[in-house]
Amino acid sequence: MILVRQAYLTLLTLLIIGVVALAPGCIGTTGADDYPAWNLTLAGDQEQVLTHPELRALPAVEGYGYSVSTVGIKYGPNRFRGVLLADLVEMAGGAGGDDLIYVSAEDGYLWVFDTDQVNGEGFFTFNEDLKEVAPPPLRVILAYDQDGKPLAYEDGGPLRLVIITENPDVITEGSSWVKWVDRIEVHKK
Ligand SMILES: Nc1nc2c(c(=O)[nH]1)N[C@H]1C(S)=C(S)[C@@H](COP(=O)(O)O)O[C@H]1N2
Ligand SMILES: [Mo]
């Protein structure tokens, strides 16, 4: 009887140690501290750095994104959530009509957008057969979530430039979908 009791107490002790040891891990995976340590630099009139939680605290928009790579591989459609590029440009001090927006990434990739494109105009759009179609309303966002989950690194996360629509069948060119974005710069003309 005593042996059984001792075994029970030992088991209970191990259980408590286990729970205490695992608890910080559990808290870490659900808290705000869990967002990637990935900053975004906004450069315009002056330079500012936004942390990932700061970016997530900005007004968010959502829509469908579907892209095609230069070699014809389609990616999507997926549901994306993020911040309007136009809002980030405003935070950087705004842009005039002839200014250009440089969006660049960790690996050195750079894509340049004019102010019409920042507002979703002037992109080519395609249907599922890659036939060009008239563009529906488009919005350009810096996405941090894909299908309700943080955008994975292999998908271009934590921050990827994505063109979204209300329609899941609209395809845009992958070359402007900058992966691993870490800098947005307003170039004054
Ligand atoms: N940072 C970064 N983003 C990038 C690229 C790149 O080389 N580096 N390639 C672009 C091009 S040309 C295409 S077609 C798509 C490819 O996206 P995928 O890797 O999700 O297929 O990413 C775009 N974004
Ligand atoms: Mo591409």
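Just so you know, ligand 1 is whichever comes first in the structure, and atom 1 is the first atom listed for that ligand.
Note: Ile163 CD1 to Phe123 CZ = 4.0 Å, rounded to the nearest 0.5 Å.
Within the structure, side-chain hydrogen bond (donor to acceptor under 3.5 Å, both in side chains) contacts touching residues 171-184 (residues at least two apart or in different chains) are Glu47-Arg183, Thr172-Trp177, Arg183-Glu185.
A donor-acceptor contact shorter than 3.5 Å is absent between the side chain of Asn39 and the backbone of Val49.
Residues of the protein with a heavy atom under 4.0 Å from ligand 1 are Ser69, Thr70, Ala105, Asp107, Tyr109, Arg160, Gly174, Ser175, Trp177, Val178, Lys179, Trp180, listed by chain and number.
By the neighbour-count criterion of 12 heavy atoms within 6.0 Å, atom CG of Asp98 is sparsely surrounded, having that number or fewer from other residues, nucleotides or ligands.
Looking at residues two or more places apart in sequence or on another chain, you find a side-chain hydrogen bond (donor to acceptor under 3.5 Å, both in side chains) between Glu106 and Tyr153.
The hydrophobic cluster containing Leu100 also includes Tyr102, Leu110, Val112, under a criterion of side-chain heavy atoms closer than 4.5 Å among ILVMFWY residues, counted directly or through chains of members.
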